Amino acid sequence: MADAVITPSRGGGTSGGNGALFGLLNVALRFSPILVLCVLWEFLGLSGLVAKQMLPGLGEIGSEFFRMLFTGDLLYNTARSISRAAAGLGCAIVVGMLIGLLMATFRSVRLLLNPIVQIFYPMPKSALIPVVMIWLGLGDSSKILLIFLGCLLPVVVGTYNGARGVNPFLLWSAASLGASRIEVLREVVLPAAMPDILSGCRTALAFSFILMVSSEFVIATDGVGYMISSLGDGGLYPGMFAVIFFVAAIGFAADRGYAVLVRRLLRWREA
Amino acid sequence: MMQMAEAHPLAHTPEQKTPPPRRHISPKLVDTGVQIGVIVALAAIWEFGARYGAINPFLLPPLSTVLERLGDDVATGAVFIDLGLTLYRALLGFFIGAVVGIPVGILMARSALVRWFFDPLVSIGFPMPKIAFLPIFILWFDIYDTSKIIMVAFACFFPIVSATYAGCMGIDKWPIWSARSMGARDRELLWEVYLPMAMPQILTGLQVALPTGMITTIVTEMLMGGRGIGGTMIMAGRFADSVGVFAGIVEIIILGFIVVKSLELVRRRLLIWHPESRR
């Protein structure tokens, strides 16, 4: 969905040094509103219209960021957070695709699981934070389970919709050519459903970040969410702002990286 | 209905010599029956598994105990205070997000300056985990309702803007030109062409934003306390009151279901003229 807004500037940066320079200029111009916001931020802070504590200077935030980066605090906590998110999301993608495919293929599985999906899909998954807290305590496993549960349904629904939407002619021709049921699944259904599966995974990726940060706010002793809340509680606001912007940047980078990956994976479609 | 018709004497008219055709039950009805059966079976497994020791009742209290608590909460009115507060925060934040987001989206499609300013902000803001900004809003607006509602509005803003913008950009130029050539002014163009034609996309954006708003509300309540269903649940969790936690889950499922379905209903009502509702 975000792609609707993003209109990458295709003009310029084609080939050669001149084109690259032009492309760079284009990007700089495109993101200049960020600069406007930064100037506004500095101005509000310096003019004294807003309390210094509420809006620490950007320089201060930056230096705090590099301090945390060099002491290794930031990297350690980021690694902890990302590993939790990756574990939960990875399991959710594998299990979710399996469930989605089974639901699309077998009517009995569909009948069995559809009501569960229907009930739990609209439920805000963050409501499960106290439940996983009761089940698995405060350690890593509770957060991984939470992220897994939160990411599962988008993948299941994406896979199911994609697999159900496969052109029946493709299935029939594969079957008439003597493909077994498993082969049809692997060779026809899975590739044809890939775009839907991948967009389901993108939603899941976004959820995994939200759940990672919010569960670390509530129950954790490390990770970026814990870092933000402990810095905030300690009144170390420049550090808090630095980590918040850093987390936002990772979330953005992950989504953008995923979009690039998807374009790679689906290259065969455009051709 | 069917049974009543059968019991009616006129159902078997004398000239009917051949046996009446076997009434076949529509497969859709069977599906619905099976699905309801699945839910009932799950509820039964939950109840008996928890009651007769297969599952530790602290980890999963029996369904009947949870429902009992739910009944108590309904009787004392506590559930209405919680759900009302959560709904108030979620809907007000969602509403603010829509009131700001839809005009921004339309203006982005109409004006190059607005597009220049908002396009990068939206394309960066959309994929960011917005909940990370909560501590900033707490710092700026304190821990009471204001910061929660602003957080929700902030989270809802991005899907709404992006969908509105995409919807307006996708409008065919012909209707705009014809409206122009018939002398429509900007205001008329907005109400008669832009809004109706972008409406399906705008509604999709709202449908993405509303669950986002609910999630955000519950998380903010869990983090900041101050009643609401999220706050009550996290308190229950801290006091090891697992029945309370599961009662909260059931309440949230019901609330989420109602909210999502009502927006679907609104969509169907608003788009009654659109080909999509004729499917």
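The model shown is predicted, which means the values in this text are computed figures rather than measured ones. Just so you know, these numbers use all the heavy atoms, side chains as well, and skip hydrogens, waters and symmetry mates.
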Practice task
Give, as side chain, backbone, both or neither, the part of B:P135 having an atom under 4.5 angstrom from any heavy atom of chain A.
Solution key: both
Fill in the blank from the handout: Whatever's closer than 4.5 Å to a heavy atom in chain B on A:A206 counts as neither
Practice task
Please determine, among A:W135, A:F207, A:F209, A:Y121, the option with the most heavy-atom pairs under 4.5 Å with chain B.
Solution key: A:W135
Problem - B:M222 to A:S126 - nearest heavy-atom pair and separation - result: CE-O, 3.3 Å
Exercise for the section: Select, from B:S242, B:G125, B:A132, B:P211, the one with the greatest count of heavy-atom pairs under 4.5 Å involving chain A. Expected result: B:A132
Exercise for the section: Report yes if the side chains of A:F252 and B:S123 come closer than 4.5 Å at any heavy-atom pair, otherwise no. Expected result: no
Handout entry: Structural part of B:F158 lying under 4.5 Å from a heavy atom of chain A
Key = neither
Practice task
Flag the one option from B:V34, B:I229, B:I254, B:L223 with the top tally of heavy-atom pairs under 4.5 Å to chain A.
Solution key: B:L223
Problem - Over 12 non-hydrogen atoms of neighbours within 6.0 angstrom of OH in A:Y258 - result: yes
Handout entry: Approximate separation, where rounding is to 0.5 Å, of A:F217 CZ and B:M224 CE
Key = 11.0 Å
Problem - Rounded distance [0.5 Å steps], CD1 in B:I131 versus OG in A:S215 - result: 11.0 Å
Exercise for the section: Evaluate the side-chain proximity of B:I215 to A:K125: yes if any heavy-atom separation is below 4.5 Å, no if none is. Expected result: no
Practice task
Check whether any side-chain heavy atom of B:R238 sits under 4.5 Å from a side-chain heavy atom of A:V218, and report yes or no.
Solution key: yes
Problem - Interatomic spacing from OG in A:S229 to CG in B:L134 - rounded to 0.5 Å - result: 10.5 Å
Handout entry: Neighbour count >12 (heavy atoms, 6.0 Å) for atom CZ, B:F117
Key = yes
Practice task
Starting from the C-alpha separation in whole Å, work towards a yes-or-no answer on side chain to side chain contact (heavy atoms under 4.5 Å, CB included) for A:I129 and B:I218.
Solution key: CA-CA 10 Å; A:I129 292 177; B:I218 288 171; over 6 Å; no
Exercise for the section: Measure the CD1-CD1 distance between A:I244 and B:I136 for me, rounded to the nearest 0.5 Å. Expected result: 4.0 Å
Problem - Flag if over 12 foreign heavy atoms under 6.0 Å of OH, B:Y88 - result: no
Problem - Close side-chain approach of B:V38 to A:L111, heavy-atom, < 4.5 Å - result: no
Handout entry: A:V36, part contacting chain B, at a heavy-atom distance under 4.5 Å
Key = side chain
Handout entry: Partners passing side-chain contact (heavy atoms from CB on, under 4.5 Å) against B:L42 (at least two apart in sequence or in another chain)
Key = A:I116
Handout entry: Part of A:I228 within contact of chain B (heavy atom distance under 4.5 Å)
Key = side chain
Practice task
Go through the atoms of A:L205 and report whether side chain, backbone, both or neither lie under 4.5 Å from a heavy atom of chain B.
Solution key: neither
Handout entry: Atom pair CE/CZ of A:M123 and B:F257 - distance to nearest 0.5 Å
Key = 14.0 Å
Completion exercise
Residues pairing under salt bridge (Lys or Arg N to Asp or Glu O under 4.0 Å) where one sits in residues 205-228 of chain A, two or more places apart or in two chains, turn out to be A:R80-A:D222, A:R84-A:E216, A:R84-A:D222
Completion exercise
Between the CE atom in A:M133 and the CE atom in B:M233, the distance rounded to the nearest 0.5 Å is 10.0 Å
Problem - Residue pair B:L139 / A:M240, side-chain heavy-atom distance below 4.5 Å - result: yes
Fill in the blank from the handout: Ranking A:I134, A:V213, A:L113, A:I210 by heavy-atom pairs under 4.5 Å to chain B gives rank one to A:I134
Handout entry: Crowding at CE, B:M235 (>12 non-hydrogen neighbours, <6.0 Å)
Key = no
Exercise for the section: Answer whether the closest heavy-atom distance between the side chains of A:P33 and B:F118 falls below 4.5 Å. Expected result: no
Handout entry: Residue selection (most heavy-atom pairs with chain B, distance under 4.5 Å) from A:A254, A:G251, A:A127
Key = A:A127
